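Written out below as structure tokens is the structure these notes cover.
From a predicted model like this one, the values you see are computed outputs, not experimental measurements. Letters go in sequence order (proteins before strands), and every chain restarts at 1. Worth knowing before you read on, the calculation uses all heavy atoms, side chains too, and leaves out hydrogens, waters and symmetry mates.
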Protein chains: 2
Amino acid sequence: MSAGVRIGQLARNAGVGIHAIRFYERRGLLRRPPRSEGGYRLFDPDDARDLKFIRKAQSLGFSLAEIRELLILERTSAPGCVHVRDLLRRKLSDVRSKIEELKALEAQLASGLRKCQRELNRSRGQPEKGCPVLKELADAKESEDSK
Amino acid sequence: MSAGVRIGQLARNAGVGIHAIRFYERRGLLRRPPRSEGGYRLFDPDDARDLKFIRKAQSLGFSLAEIRELLILERTSAPGCVHVRDLLRRKLSDVRSKIEELKALEAQLASGLRKCQRELNRSRGQPEKGCPVLKELADAKESEDSK
DNA sequence: CTTGACTCTAGAGTTAACTCTAGGGTTTAC
DNA sequence: GTAAACCCTAGAGTTAACTCTAGAGTCAAG
């Protein structure tokens, strides 16, 4: 019955900007919809579903390129589970190594913060001898930090 | 004695590109060095130290803008510890919340992966009934994931 | 004095995922 | 029939932190 909803409506429904919708179309995530006589895009409800798919997949850390692949898999109703599994594995290992990196960072920052705090306590009213954290950064310790 | 080292040498010493060095200068992280008659930059050893400072601070997750502040603090030999502490606190809380986000993600991805695996086992030779992960993404569950 | 390695500046290009603009045309409600 | 609200395209702008280019000048060795 509904002859198709226009881009603004779809954008409001899905909670994205109209520019983003056109952008997804250009990137091949959304199929290009039929047009009205005047050239307006006329979307159908499936497109709203695709938009939600996109946002959900994004929240799982997939890039638009990856989401495009997922959407294509989904549309062709091919098996695809193997491919999806591989994507999930890759993402999972990315996420895990990022967590490890961040934990190491956390430890370093926390240690710096403790030093900072100690110096601030020590130097109440006394002559400051300089921030220990800055000193540490400046001391070329030749510690080859990763990237 | 050394009248100053040129940009290529400095770059090799510090392990960064010469373009990055000029870039840091433009961004105010490195002081602009004196020039030779022909207009070549003549750096002194302190600049190598600053470059190492930059790389180390970057590895701690500071942005160039933040590093510029840190370098300025360090140069003016002002107390500064309070400011540094605040920066460290902010970074630390950023890092911690990022870790939490990633852990939530990890759980979701791992759960998807398990489902995927189960389906693959189940459907050995049997008709595939479609990837459960794709299904889940497509089902507009209205779960408002953050962003 | 010529060759090759080096350096200079200004500015464009890179990546991701949008976001916005200019300069138009279309629909619809009054 | 006209004004408000909507839509179109093509392309520029955004962010961070570089990276690279073109076209020209400089320096050291032989």
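Take the nearest nucleotide of DNA chain C for B:R6 and for B:R26: the residue whose nucleotide is more 5' is B:R6. Nearer the 5' end of DNA chain C, as judged by each residue's closest nucleotide, is the contact made by A:F23, out of A:F23 and A:E37.
Remark: A:Q9 is not in phosphate contact with D:dC7, judged by side-chain N or O atoms under 4.0 Å from OP1 or OP2. The phosphate of D:dC27 has OP1 or OP2 within less than 4.0 Å of a side-chain N or O from B:S36. Residue B:R55 places none of its side-chain N or O atoms closer than 4.0 Å to OP1 or OP2 of D:dC18. Between A:Y24 and the phosphate of C:dC18, there is a side-chain N or O to OP1/OP2 separation shorter than 4.0 Å. Using a 4.0 Å cut-off, some side-chain N or O of B:R22 falls inside it from OP1 or OP2 of C:dC8. The side chain of B:R41 places no N or O atom within less than 4.0 Å of a non-bridging phosphate oxygen (OP1 or OP2) of C:dC6.
Scanning atom types as modelled, one donor and one acceptor separated by under 3.5 angstrom connect the side chain of B:Y40 and the base of C:dC6.
A salt bridge links A:K91 with A:E66: at least one charged nitrogen is closer than 4.0 Å to a carboxylate oxygen. Looking at B:E25 and B:R41, a side-chain N of the basic residue comes within less than 4.0 Å of a carboxylate O on the acidic one, giving a salt bridge.
The side chain of A:H19 lies closest to C:dC20, out of D:dG25, C:dC20, D:dC8. The A:A20 side chain lies nearest to C:dC18 when the options are D:dC18, C:dC18, C:dT27.
B:F43 places its CZ atom 11 Å from the C1' atom of C:dT7, with the value rounded to the nearest Å. Between the CZ atom of A:R35 and the P atom of D:dC6 there is a distance of 19 Å, rounded to whole Å. Between the P atom of C:dA16 and the CG atom of A:L64 lies a distance of 9 Å, rounded to the nearest Å. What separates CZ of B:R68 from P of D:dA16 is a distance of 11 Å, to the nearest Å. One can place CD of B:E25 at 15 Å from C1' of D:dC18, the figure rounded to the nearest angstrom. Rounded to whole Å, the distance from CZ on A:R27 to C1' on C:dC18 is 9 Å.
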Worked verdict on B:Q117 versus B:N121 for side chain to side chain donor-acceptor pair (under 3.5 Å)
CA-CA 6 Å; B:Q117 207 67 74; B:N121 289 337; 4.9 Å; no
Residue pair B:R22, B:L30: steps toward the side chain to side chain contact (heavy atoms under 4.5 Å, CB included) verdict
CA-CA 9 Å; B:R22 289 196 280 246; B:L30 296 178; over 6 Å; no
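Residue-level contact check: A:G17 touches neither bases nor backbone, having no heavy atom under 4.0 Å from any strand.
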